[in-house]
Visitor: 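Quick one: structure below, then a few questions.
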Amino acid sequence: MTTPLTLTLGRRPDGTALLTAVGEIDMSNTKELAAALAGTAGPLVLDLTGVEYLDSAGLSVLFPHAERIELLANPLLEPVLTISGLTDLTTVHGI
């Protein structure tokens, strides 16, 4: 069964690309997330405040982009982002 995930691309007021994810990120939908990240050049803010679940497959998609992304995350994601080491590689707001 595919886990629902909605991805919306936009721009912040300063012109930085903004990718907003809502739902759950797991191995059933990482291809969509990977394509959205790869299709957006330059610095990117990834808003994960609407993500309730993020597994290792989802994390593996984020690591290659760690140098150019900034994360907005809800407190539910704090353990997985911290334990994975992603918080040491990129800026994470909201946790």
Side-chain angles (χ1 to χ4, degrees):
M1 173 184 240
T2 302
T3 303
L5 175 66
T6 303
L7 298 170
T8 307
L9 186 59
R11 294 249 172 230
R12 292 174 53 117
D14 66 0
T16 304
L18 172 66
L19 180 62
T20 303
V22 176
E24 297 183 359
I25 301 173
D26 63 19
M27 67 181 200
S28 72
N29 54 32
T30 55
K31 287 182 182 179
E32 292 85 357
L33 178 59
L37 291 170
T40 307
L44 172 68
V45 175
L46 178 56
D47 184 348
L48 300 174
T49 57
V51 172
E52 300 122 17
Y53 179 78
L54 175 66
D55 73 3
S56 60
L59 283 169
S60 70
V61 171
L62 301 179
F63 273 92
H65 301 278
E67 291 184 8
R68 71 178 190 97
I69 63 173
E70 184 176 328
L71 300 175
L72 304 176
N74 68 50
L76 290 173
L77 301 181
E78 179 181 2
V80 72
L81 294 173
T82 301
I83 291 169
S84 71
L86 195 56
T87 56
D88 295 329
L89 300 175
T90 192
T91 302
V92 181
H93 299 282
I95 59 172

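Both backbone and side-chain heavy atoms feed into the values below; hydrogens, waters and symmetry mates do not.
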Visitor: Taking the side chain as every heavy atom from C-beta outward, state whether N29 and D26 have any pair of such atoms under 4.5 Å apart.
Guide: yes
Visitor: So which atom in V92 and which in A73 form the shortest heavy-atom distance, rounded to 0.1 Å?
Guide: CG1-CB, 4.2 Å
Visitor: Measure the OG1-CG distance between T87 and L77 for me, rounded to the nearest 0.5 Å.
Guide: 12.0 Å
Visitor: Do L62 and L46 touch side chain to side chain, with heavy atoms closer than 4.5 Å?
Guide: yes
Visitor: How far apart are the closest heavy atoms of L59 and S84, and which atoms are they?
Guide: CD1-CB, 3.7 Å
Visitor: I want to check something: taking the side chain as every heavy atom from C-beta on, are T40 and L19 in contact at a cut-off of under 4.5 Å?
Guide: no
Visitor: Can you find a heavy atom in the side chain of V45 that is under 4.5 Å from one in the side chain of R12?
Guide: yes
Visitor: How close do A21 and L5 get, counting heavy atoms only, and between which atoms?
Guide: CB-CD1, 4.1 Å
Visitor: Is it true that L89 and L71 fall in one hydrophobic cluster, defined by side-chain heavy atoms closer than 4.5 Å?
Guide: yes
Visitor: Suppose we screen for side chain to side chain contact (heavy atoms under 4.5 Å, CB included). Which residues come up paired with T49, at least two apart in sequence or across chains?
Guide: D47, L72
Visitor: Of all the heavy-atom pairs spanning V51 and V22, show the shortest one and how long it is.
Guide: CG2-N, 4.4 Å
Visitor: Any link between V80 and V61 through a network of hydrophobic side chains (Ile, Leu, Val, Met, Phe, Trp, Tyr) touching at under 4.5 Å?
Guide: yes
Visitor: Of all the heavy-atom pairs spanning A38 and R68, show the shortest one and how long it is.
Guide: N-NH2, 4.4 Å
Visitor: In Å and rounded to the nearest 0.5 Å, what is the CG to CG distance from L7 to L33?
Guide: 6.0 Å
Visitor: To the nearest 0.5 Å, tell me how far L44 CG sits from T90 OG1.
Guide: 9.5 Å
Visitor: When rounded to the nearest 0.5 angstrom, what is the spacing between CD in E78 and CD1 in I83?
Guide: 9.5 Å
Visitor: What I'd like to find out is whether the side chain of I25 reaches to under 4.5 Å of the side chain of L48, using heavy atoms alone.
Guide: yes
